Amino acid sequence: MPSPSDIVKVAIEWPGANAQLIEIDQGSWAHAVRLVCCRWSLSGSEQFALRYADGPQLYITEQSRADIKNGSILRLAISPMRAARQLLERIQSHGIDARLEALKELAKLSADPAFATEFINMEGLATLVRLVESGTDLSLVCSFGEMLAFTLTAFLELMDHGIVSWDLISVSFIKQIAAYVNQPMVDVSILQRSLAILESMVLNSHSLYQRVAQETPVAQLITHLQEMASTLAQKHLRGIILNHIIRGNRPVKAEMAHQLYVLQVLTFNLLEERMMTKMDLNDQTQRDIIFELRRIVFDGDSDPSGTEKRKAIYTKDYKMLGFTIVLENSSREDKHECPFGRSAIDLTRVLCDILQVGELPNEGCNDFHPMFFTHERAWEEFFCVCIQLLNKTWKEMRATAEDFNKVMTVVREQITRALAMKPPSLEQLRVKLRSLSYSEVLRLRQSERMSQDDFQSPPIIELRERIQPEILELIKQQRLSRLCEGSCFRKLANRRRQEKFWFCRLSLNHKVLHYGDLDESPQGEVPFELLTDTIPVSDIKAVLTGKDCPHMKEKSALKQNKEVLELAFSILYDPDEALNFVATNKYEYCIWTDGLSALLGKELGSDLTRSDLDTLMSMEMKLRLLDLENITIPEAPPPVPKEPSTYNFTYNYG
C-alpha cells in the first residue's frame with residue numbers, strides 16, 4: 001500500500017482528449033506514468049513522460065517527482081529521450097522549414113535538465129557546434145538569422161546546465177561567435193545571443209577569457225555599447241567589459257577606462273539611487289567611512305568645500321566605485337542583488353578587524369603577511385580581491401537582503417582561512433580564496449566539528465574503529481543489492497547509427513553476471529530470461545577503469561573526452577576477453593565499481609563510498625553519544641578495584 005503522503009491528486013492533459021483527474025503515487029514514478037498511459041490506452045509507457053502544463057513546462061523525473069503538489073496540472077508527452085532523438089533527426093534534415101521549426105522547439109526544450117541530458121548524450125550539442133562552426137557570410141545571416149538565433153539560444157541553454165565543461169569549446173567555435181560580435185551590421189537577436197555566450201565563456205574559464213579577449217577588440221565592444229538599444233544585450237556586453245577590467249593587464253584596463261570615460265556611455269543612476277535611498281547617509285560614521293574609501297580609491301580631495309559640491313563628487317565616484325557589482329547585478333533578479341554600498345562598508349570593517357588596523361602594535365603578535373609588501377597599493381588590491389569574493393559568495397549562497405549578515409560571516413571565515421595559509425602574493429591569495437567556495441567552507445566546518453578534542457579521545461577512536469566495519473559492510477551490501485537490480489548502459493557506436501542499449505545485472509546469489517542487448521532503454525528491471533549472456537564471478541580477473549580500459553584505448557576520440565574517461569570501466573574475465581562499460585553518470589559508475597570490488601574481495605575506494613562512510617559514521621556516532629552530551633569522557637577506563645580481603649559479605653537468607 002502506498003503511503004498517504006505519496007498520493008497527490010492532479011489533472012492530466014493529453015492532446016485531443018479531455019483532461020482527467022487522477023491520483024498518482026509519487027513513490028513509484030514509472031508505475032504512475034504507466035497508469036496514465038493506460039487511461040488513454042497508450043502502449044509503450046516507457047516512450048512517454050509527464051511534464052508540467054504551466055510555467056516552464058519541465059519534465060518530471062524521479063528526482064523532481066516529490067515537488068508535485070495537489071491540484072497541479074500535468075501534461076502527458078513523449079519522453080525526453082524520444083523528444084531528443086526526434087529533434088536531432090529533424091535538425092539534421094535538408095529541409096529549411098523543418099530545420100527551422102526543430103531549432104525553434106529545441107530552444108524551448110533545452111532549458112529542461114532531463115531533455116538536455118538526453119540531447120547532449122546523443123551528441124546533439126556537438127551537432128549545434130558544427131552548425132555554428134560551418135560559418136556563414138552576412139547575406140546568409142540576414143536570410144537565416146532566425147535559424148542561427150535559435151541555434152545559439154539552444155546552445156547557451158544546454159551549456160547552462162553544467163553537463164559539459166566550457167573548457168571543451170573549440171577555438172573555431174569561439175572565433176565564429178566573436179565574428180558575429182565584430183560585424184558592424186548584425187541582427188540584434190544574433191548579437192544578443194553571441195554576447196551571452198561570450199560572457200558565459202569568460203565567467204566560467206580563465207583560458208577561454210584569454211581567447212575571447214584576443215578575438216573581441218575593446219574598441220568594437222565600446223562601439224556596440226554606444227549604439228546598442230537592447231537592454232538585455234547591454235547586460236551581457238557589460239559582463240564581458242567587466243571581465244576585461246578585472247582580468248585584463250594594465251594597458252587593457254587603461255584603454256577600457258579611457259574609452260568608457262570619453263564616450264560616457266555607461267550610466268549608473270540605479271546605484272546612485274540605491275546609495276541615496278537605502279543607505280542612511282545621515283549616519284556620520286558611515287559617511288566618514290565611505291568618504292575615506294572614496295578618497296583612497298580615487299585620490300580625491302580630502303575636504304571638498306560645500307555640501308552640494310561634495311554630494312556631486314560622491315555621486316560621480318559612487319558610479320565608478322560600484323562599476324563591477326552593478327554589472328553583476330544587472331543580470332540577477334532584484335531580490336538576489338548584492339548591495340554594493342553596504343557590502344563595501346561592512347567588508348572594510350571586516351578587513352580592518354581581521355588585520356587589526358587602527359589598533360596599537362602588539363609586540364607579542366607573530367602574524368606576518370608578505371603579500372602586502374609585493375604591491376605598491378597592496379591594501380587597495382586586497383580590498384578589490386575581497387569584494388569580488390563577497391560577490392561570488394553572495395551568488396553561491398543565492399542570498400537576499402535578509403541573508404546579508406550570514407554572507408558576511410562566511411566571507412570573514414573565507415578571508416581568515418586564506419590569510420592563515422600565508423599566501424606570498426595577492427595572486428596566490430586570489431587562488432586560495434577561489435578554492436574556498438561556500439560549499440568548501442561548509443565541508444571544512446563539518447570536518448572540524450568531527451575533529452574536536454572529544455572526537456579524538458581514545459574511547460571515541462576505539463568506538464569509531466568498532467563501528468566502521470559495520471558501516472562498510474552495510475555499504476557493501478547496498479552496492480551488491482544495487483547490482484542485483486541491474487543498470488542499462490549505452491553502446492558506444494557511430495552517432496549516425498540508431499542508438500542501442502544493453503543491460504547488466506548480478507544474480508541474486510552473487511555468483512553470475514547476466515547481460516544482453518536491448519532494443520530500447522528499459523523502464524525498471526529486466527528479467528534474467530532476456531539476458532542471454534553470462535559471466536561467472538569466479539572467472540573475473542580484474543576491473544579496469546578510465547584510460548586503462550580496452551574500449552578507451554581502441555577509440556582515440558573517446559580518449560580525448562574527459563567525461564567519458566571518468567565513467568568508463570571494464571571487466572577482464574579472460575586474457576583476451578573484456579566486458580566494457582560506460583556509466584550514465586558518476587553515481588552509477590561508483591555503484592558498479594564498488595560492487596565489482598566487493599565481489600572480488602577488494603576495498604571499496606570510490607568517492608561515493610568515502611562520502612557515504614563519513615555521513616553514516618557521523619550519524620551513528622552522534623546517536624551513540626547522544627546520552628553523553630555535556631559529559632566529559634575519560635581518557636582511560638576507570639581502574640579495577642582491589643580484591644576484598646574476605647568474601648564473607650554475602651547475605652544469608654537462612
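Computed from a predicted model, the values in this text were never measured in an experiment. Below, each value reflects all heavy atoms present in this structure, side chains not excepted, and no hydrogens, waters or symmetry copies.
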Taking all atoms of both residues into account, what is the closest heavy-atom pair of [X] and [Y], and its distance?
X: P423; Y: A418; answer: CD-O, 3.3 Å
X: L419; Y: L355; answer: CD1-CD2, 4.0 Å
X: S110; Y: A116; answer: O-CB, 3.9 Å
X: Q57; Y: D112; answer: O-OD2, 4.2 Å
X: V441; Y: L436; answer: CG2-O, 4.2 Å
X: L198; Y: A178; answer: CD1-CA, 4.4 Å

Determine yes or no for a side-chain-to-main-chain donor-acceptor pair under 3.5 angstrom, with [X] supplying the side chain and [Y] the backbone.
X: H375; Y: R377; answer: yes
X: T609; Y: G605; answer: no
X: W394; Y: A399; answer: yes
X: R65; Y: I60; answer: no

Atom CD of E359 with >12 non-hydrogen neighbours under 6.0 angstrom | yes
Check the surroundings of atom CE in M421: do more than 12 heavy atoms from other residues, nucleotides or ligands lie under 6.0 Å from it?
-> yes
I'd like to check [X] versus [Y] (side-chain heavy atoms, cut-off strictly below 4.5 Å). Are they in contact?
X: I415; Y: C386; result: yes
X: S437; Y: K392; result: yes
X: L351; Y: V357; result: no
X: M617; Y: R464; result: yes
X: E588; Y: N585; result: yes
X: Y52; Y: I68; result: yes
X: L390; Y: C338; result: yes
X: L604; Y: I475; result: yes

When rounded to the nearest 0.5 angstrom, what is the spacing between [atom1] in [X] and [atom2] in [Y]?
X: N121; Y: L125; atom1: CG; atom2: CG; result: 11.0 Å
X: I169; Y: I174; atom1: CD1; atom2: CD1; result: 7.5 Å
X: I177; Y: I197; atom1: CD1; atom2: CD1; result: 4.0 Å
X: R624; Y: L463; atom1: CZ; atom2: CG; result: 6.0 Å
X: M159; Y: L156; atom1: CE; atom2: CG; result: 9.0 Å
X: K406; Y: T393; atom1: NZ; atom2: OG1; result: 13.5 Å

Salt-bridged, [X] to [Y], with N to O below 4.0 Å?
X: R412; Y: D353; answer: yes
X: R479; Y: D612; answer: yes
X: E157; Y: R193; answer: no

May I have the step-by-step check of side chain to side chain contact (heavy atoms under 4.5 Å, CB included) for R417 and L433, ending in yes or no?
-> CA-CA 9 Å; R417 289 181 182 273; L433 288 174; over 6 Å; no
Evaluate the side chain to side chain contact (heavy atoms under 4.5 Å, CB included) criterion for residues E376 and E381: first the C-alpha distance (whole Å), next the side-chain angles of each, then the deciding distance (0.1 Å), finally the verdict.
-> CA-CA 9 Å; E376 61 181 4; E381 291 293 328; over 6 Å; no
Checking side chain to side chain contact (heavy atoms under 4.5 Å, CB included) for the pair N204/S200: CA distance, chi angles, key distance, verdict?
-> CA-CA 6 Å; N204 289 281; S200 295; 4.1 Å; yes
Using the benzene-type ring in the case of Trp, are the ring centres of F382 and F372 under 6.0 Å apart?
-> yes
Under 3.5 Å, is there a donor-acceptor pair between the T400 and D403 side chains?
-> yes
Residues S618 and T615: side-chain donor-acceptor under 3.5 angstrom | no
Parallel, tilted or perpendicular: rings of F155 and W166 (30°, 60°) = perpendicular
Applying side chain to side chain contact (heavy atoms under 4.5 Å, CB included), run through V181 and L195 and close with a yes or a no.
-> CA-CA 7 Å; V181 174; L195 287 171; 3.9 Å; yes
E440/R434 under salt bridge (Lys or Arg N to Asp or Glu O under 4.0 Å): CA gap, chis, key distance, verdict = CA-CA 10 Å; E440 178 65 12; R434 192 179 299 127; over 6 Å; no
